[in-house]
Every structure is written in C-alpha cells, then in structure tokens.
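Data first, discussion second: the structure below is written as structure tokens.
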Amino acid sequence: MFIEENIRLINKRISEAALSVERDPKEISLIAVTKGASMPEILEALNHGVAHVGESRVDQFVKKYDQIDKDIHRHMIGSLQTNKVRSIIDKVEMIHSIDRISLVKEVNKRAKRMDKKIPALIQVNVSEEATKSGILKKDLISFVEEIRNYPYLSIKGLMTIAPLTENDDIIRSCFRELKHLFEDLKMRDMDHIQMKYLSMGMSNDFEIAIEEGANMVRVGRAIFKRDAF
Ligand SMILES: *Cc1c(COP(=O)(O)O)cnc(C)c1O
C-alpha cells in the first residue's frame with residue numbers, strides 16, 4: 001500500500017513542479033530506481049503506473065529485469081564496467097552513464113554485433129567532485145566529437161547527479177549548468193547526436209530538477225521506502 005501512495009504523491013509533486021514553471025507534466029518521465037527494492041515491491045510499483053525502471057548495478061539489472069514485462073522501459077543508470085556491457089546490451093533501453101571513451105567503444109562494439117543502435121546519455125560531472133564519475137564540463141565538446149566515430153551508440157541527451165547537500169541553491173545551479181550544456185550542444189546541431197533527454201533529479205531534488213528543465217527524473221527511496229514522506 002505505501003508504494004502506491006508514494007507513487008501517487010510523487011506524481012502529484014512532479015505535476016506541481018512542472019506547472020509551476022509552465023511545463024507540461026506529461027513531458028516528464030518518472031524512472032523508478034529499483035536498487036534496494038525487492039521483486040514484489042517492484043511489481044507493485046509497476047502495477048501502479050510506473051512505466052520506467054532504472055538500476056545502478058548490472059547483476060541486479062539482469063536478475064530483476066528478466067522477471068518484468070517486456071513493455072517496461074529499462075534504464076541502466078549506474079557506473080558501468082566495460083566487462084559488464086555484454087550482460088545488459090540486449091536488455092537495456094537506455095544507458096544514462098556514458099562517462100569515458102573505453103565504455104563508448106565497448107558499447108559500440110557490442111551493439112554493432114546485434115546490429116542495433118543503443119540510446120544513451122552522457123553523464124556529466126557538473127559539480128567536479130573527485131569521487132564522482134562523469135565527463136568534466138571542459139571536456140564535453142571534445143568527448144562528443146570523439147563519439148562521432150562510434151555510430152552504434154546513439155547519444156540522446158545528458159545526465160548528472162547533484163552534489164549531496166542540503167543547500168538547494170547549490171543543487172539548483174548544478175542542474176542549471178547541465179541544462180545550459182544541453183542547450184549549447186543542441187544549438188551546435190551536430191548531426192551524430194540528439195539533445196532530447198535531460199536526466200536529473202532524485203528523491204531529494206527532483207522538483208528542483210524539473211524546475212530547471214529535467215524530463216527524466218530517477219527516483220528510488222521516495223517510491224520504495226515506507227514513510228518516505
Ligand atoms: C540510487 C540512484 C538514484 C535514486 O536515488 P534516490 O535518492 O534513492 O532517489 C538515482 N540515480 C542514480 C544514478 C542512482 O544511483
């Protein structure tokens with residue numbers, strides 16, 4: 001029951017955040033992050049309108065998502081080791097965590113073997129924390145240029161994780177910067193990439209992310225935790 005209620009409240013908050021900046025709530029996809037959730041909990045979320053799921057670990061991705069309906073959209077959102085790409089390549093709908101050229105090469109190689117392009121987002125380390133993965137802002141354009149050589153990876157947008165802080169201004173400026181990078185890439189009109197999805201915002205900050213332009217929010221604890229609100 002609490003999962004149903006959590007989802008109802010999150011959808012309401014997504015709508016309110018979107019409307020507050022005159023956006024259409026339907027533009028925004030809620031990705032239910034299933035790390036830490038059990039299979040019955042995931043199935044309950046899917047029964048209550050969740051259409052997108054995301055995992056940060058490959059073993060969990062494979063184990064859990066083999067048991068869910070084919071129509072559910074599956075996202076890989078966590079750091080991806082090159083040697084694990086093989087396990088998910090035929091199952092993943094979008095990879096949010098493209099953060100280095102060796103990963104680009106591996107995804108391209110595996111996707112080519114299947115003769116299928118894999119949609120993906122570039123993870124940007126906007127806050128430049130040493131512990132965080134992602135491309136640094138200053139390296140983004142050259143990274144995008146390099147990706148041109150790997151046509152089976154289909155870049156569709158950007159992703160970031162905000163710094164862990166209570167300070168909403170710091171979080172907001174992180175999201176705003178990613179949105180700027182997104183618009184900048186869009187304006188350059190590079191024919192091998194598309195700037196369509198902006199994946200930012202988690203349980204603590206998805207409303208700020210929506211106000212700053214996110215159209216994919218990745219929410220875990222606020223869905224799967226009892227007394228999340
Ligand atoms: C865990 C995780 C989330 C969800 O975080 P919550 O705080 O549980 O909402 C989102 N994105 C990534 C990359 C994650 O690893």
Side-chain angles (χ1 to χ4, degrees), residues 2-3 5-14 17 28-38 41-42 44-46 48 50-65 72-81 84-85 88 92-100 103 107 119-135 156-168 170-172 174-175 178-179 197-229:
F2 71 93
I3 290 177
E5 179 63 5
N6 285 349
I7 291 170
R8 195 184 64 74
L9 283 168
I10 290 163
N11 281 326
K12 182 163 171 276
R13 287 169 57 189
I14 288 174
I28 296 148
S29 300
L30 170 64
I31 301 177
V33 175
T34 56
K35 69 163 180 255
S38 69
E41 288 169 335
I42 297 167
E44 187 178 341
L46 298 177
H48 292 102
V50 162
H52 295 258
V53 289
E55 256 295 336
S56 52
R57 288 182 46 191
V58 167
D59 55 340
Q60 294 291 306
F61 184 102
V62 173
K63 200 167 108 191
K64 289 171 176 168
Y65 295 179
I72 302 298
H73 306 284
R74 297 137 202 266
H75 302 260
M76 179 65 204
I77 62 170
S79 298
L80 188 50
Q81 283 175 271
K84 301 241 170 103
V85 169
I88 59 158
V92 70
E93 182 169 321
M94 184 178 283
I95 299 172
H96 289 229
S97 44
I98 298 296
D99 60 359
R100 59 196 191 281
L103 182 59
V107 172
L121 309 179
I122 298 172
Q123 181 170 353
V124 184
N125 184 358
V126 177
S127 50
E128 309 203 340
E129 290 159 275
T131 52
K132 216 168 246 173
S133 45
I135 301 290
K156 302 237 180 245
L158 304 178
M159 177 272 224
T160 200
I161 302 174
L164 193 60
T165 167
E166 302 273 290
N167 185 331
D168 285 356
I170 294 175
I171 294 171
R172 187 178 296 282
C174 169
F175 292 152
L178 192 70
K179 168 76 166 168
Y197 298 111
L198 195 52
S199 168
M200 56 189 196
M202 319 198 324
S203 292
N204 286 338
D205 52 25
F206 67 87
E207 286 148 307
I208 302 174
I210 290 167
E211 288 163 15
E212 298 302 328
N215 54 17
M216 285 184 164
V217 292
R218 310 177 308 269
V219 178
R221 285 168 303 142
I223 293 178
F224 293 108
K225 204 165 145 270
R226 193 183 294 274
D227 303 321
F229 294 101

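When a ligand or atom number is given, it counts from 1 through the structure's own listing order. Since this is a predicted model, take the numbers as computed values, not measurements.
Side chain of N125 to backbone of K132: a donor-acceptor contact under 3.5 angstrom is found. Between the T160 side chain and the M200 main chain, no donor and acceptor come within less than 3.5 Å of each other. For the pair T34 (side chain) and G54 (backbone), a donor-acceptor distance under 3.5 Å is present.
Of the protein's non-hydrogen atoms, the one nearest atom 10 (C) of ligand 1 is M202 SD, 3.2 Å. With hydrogens left out, the protein atom closest to atom 12 (C) of ligand 1 is I77 CD1, 3.5 Å, a heavy atom. Scanning the protein for heavy atoms near atom 11 (N) of ligand 1, the closest one is R218 NE, 2.9 Å. Nearest protein neighbour of atom 9 (O) of ligand 1, counting heavy atoms only, is S203 OG, 2.5 Å.
Within ligand 1, counting atoms from 1 as listed, the ones closer than 4.0 Å to a heavy atom of R221 are 6 (P), 7 (O), 8 (O), 9 (O).
No side-chain donor from either of S97 and Q123 sits under 3.5 Å from a side-chain acceptor of the other.
The part of K35 lying near ligand 1 is the side chain, judged by heavy-atom distances below 4.0 Å.
Taking distance alone, with nitrogen or oxygen atoms compared against 3.5 Å, I161 stays at or beyond that limit from ligand 1.
Smallest separation of non-hydrogen atoms from H75 and V92: C-CG2, 4.4 Å.
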